[in-house]
Amino acid sequence: MPVSPDQGTTAGGTTVTITGTNLDGVTAVHFGSRPSTSFTGVSPSLVTALSPPGTGVVGVTVTTPGGISNPEPFFYIDAPLIFSVSPAAGQFEGGNSVTITGRNLATASAVNFGSNAGTTTSVSDTEITVTVPTASSVGTVAITVVTAGGSADGIGYSYFANPVLTALEPASGPVSGGNIVTITGTDLSSAQQVVFGPDAIERGGPNALFTVVSDTAIAAVAPPNPAGAADVIVDTPGGAFSLPGGYTYLTGPSI
């Protein structure tokens, strides 16, 4: 007498399909010692029932005028809890991997970011790794984890637009650095790092001290660098954008 699904939330309310033989005239369905709150005899081989609240593993039985069936196991699953997500922000296009920590997560069947489903890559009782889906819009959405024990939410994930750099003013300065450079563009308010250096993206370069002035402007202190053209890169949760060779370091005069 198979039971499907064979697991559900401790709060009850899971619709269970029971298949077998001689099930016509059903008068009761029990989950352990507790009666189903609602059941329907669909046919002599099929009964549907709503699970009552419960815990642990119980036997599901069907009662008919002919007697009580053999028990089939049903597993009550504790409701999930989610504690954190790391990282908690990323680019609008998604595609990055995040880790969700919590409890009772082993039966996770879906992880949603707002109305969009993520792609789960690994699951344990305390941790889920998931690939973030593309956003419907820029902003913060709720993460919802769905398990056999129910669903959990309450943690937000923030989507950021990709930054764009349009100009530097001034676009050159001394190799000793120290001058203030205004970086203009769009979606710069969440800047995490500003780098000046040869091939900044590929090989790295010195970080600049900076202040976010607005969503369209950053004031950065140019760090020391060798003479020549330098890439300038602004890194945000929405991604990184560079102006290749956008800033020129100049050697000071001598007489």
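- Under a hydrophobic-cluster definition in which Ile, Leu, Val, Met, Phe, Trp and Tyr are linked whenever side-chain heavy atoms come within less than 4.5 Å, directly or via other members, V111 and V141 are assigned to the same cluster.
- Sorted by first and then second residue, the ring-ring contact (aromatic ring centres under 6.0 Å, His included) pairs with a member in residues 3-26 form an empty list; sequence neighbours excluded.
- Nearest approach of T37 to S51, heavy atoms of both residues: OG1-O, 4.5 Å.
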Show your working on side chain to side chain contact (heavy atoms under 4.5 Å, CB included) between D235 and V195 and close with a plain yes or no.
CA-CA 8 Å; D235 186 26; V195 178; over 6 Å; no
Sequence neighbours excluded and cut-off under 3.5 Å, please list the side-chain donor-acceptor pairs for residues 144-152, or say none.
{"unit_1": "T147", "atom_1": "OG1", "unit_2": "G149", "atom_2": "N", "d": "3.0"}
{"unit_1": "T147", "atom_1": "OG1", "unit_2": "G150", "atom_2": "N", "d": "3.4"}
{"unit_1": "T147", "atom_1": "OG1", "unit_2": "G150", "atom_2": "O", "d": "3.1"}

Can you list the steps and then say if N96 with Q91 is a side-chain hydrogen bond (donor to acceptor under 3.5 Å, both in side chains)?
CA-CA 8 Å; N96 54 306; Q91 61 189 8; 5.3 Å; no
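- Taking CG from D78 and OG1 from T55, the interatomic distance works out to 8.5 Å, rounded to the nearest 0.5 Å.
- Between the side chain of T134 and the main chain of E93, a donor-acceptor pair closer than 3.5 Å is present.
- D231 places a side-chain N or O within 3.5 Å of a backbone atom of G245 that can act as its donor or acceptor partner.
- Using modelled atom types, one finds no donor on one side chain facing an acceptor on the other under 3.5 Å when comparing T61 with S69.
- Side chain of T121 to backbone of T129: a donor-acceptor contact under 3.5 angstrom is found.
- Nearest heavy-atom pair, P224 versus S176, reported as atom, atom and distance to 0.1 Å: CG-O, 3.5 Å.
- Residue pairs meeting the ring-ring contact (aromatic ring centres under 6.0 Å, His included) criterion with at least one member in residues 140-186, sequence neighbours excluded: F113-Y157, Y157-Y159.
- Residue I77 belongs to a hydrophobic cluster whose other members are V57, F75, with links defined by side-chain heavy atoms closer than 4.5 Å.
- Remark: Y249 OH to S172 OG distance equals 11.0 Å, nearest 0.5 Å.
- With hydrogens and angles ignored, the 3.5 Å screen pairs a side-chain donor or acceptor of N225 with a backbone N or O of F196.
- In this structure a side-chain-to-backbone donor-acceptor pair under 3.5 Å is missing from T9 to G12.
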Assess the residue pair T64 and N22 against the criterion (side-chain hydrogen bond (donor to acceptor under 3.5 Å, both in side chains)); give the C-alpha distance rounded to whole Å, side-chain angles, the decisive distance to 0.1 Å, and a yes or no.
CA-CA 8 Å; T64 73; N22 304 317; over 6 Å; no
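- The residue from T186, I233, L165 that alone fulfils the side-chain contact (heavy atoms from CB on, under 4.5 Å) condition with F241 is L165.
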After noting the C-alpha distance and the side-chain angles of V164 and D187, does the key distance pass the side chain to side chain contact (heavy atoms under 4.5 Å, CB included) rule?
CA-CA 7 Å; V164 174; D187 298 302; 5.8 Å; no
So S158 and T140, side-chain hydrogen bond (donor to acceptor under 3.5 Å, both in side chains) or not? Walk me through it.
CA-CA 4 Å; S158 298; T140 300; 2.8 Å; yes
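- Counting all heavy atoms, side chain and backbone alike, T10 lies closest to Y76 at CA-CD2, 3.8 Å.
- Of all the heavy atoms in S38 and S36, the pair that sits closest is O-OG, 2.8 Å.
- Remark: E127 CD to S86 OG distance equals 10.0 Å, nearest 0.5 Å.
- No side-chain heavy atom of V29 sits under 4.5 Å from any side-chain heavy atom of L50.
- Residue pairs meeting the side-chain hydrogen bond (donor to acceptor under 3.5 Å, both in side chains) criterion with at least one partner in residues 99-109, sequence neighbours excluded, are S84-T101.
- Pairing each heavy atom of F83 with each of I155, the nearest pair is C-CD1, 3.2 Å.
- Within the structure, the ring-ring contact (aromatic ring centres under 6.0 Å, His included) test picks out no pair touching residues 36-69 (sequence neighbours left out).
- Atom CG of residue L46 and atom OG1 of residue T40 lie 9.5 Å apart, to the nearest 0.5 angstrom.
- Between G197 and P206, the shortest heavy-atom distance links the atoms CA-CD, 4.4 Å.
- Put simply, the side chain of D215 gets close to the backbone of S189: a donor and an acceptor are under 3.5 Å apart.
- Residues V3 and V42 fall into different hydrophobic clusters, defined by Ile, Leu, Val, Met, Phe, Trp and Tyr side chains chained together at heavy-atom separations under 4.5 Å.
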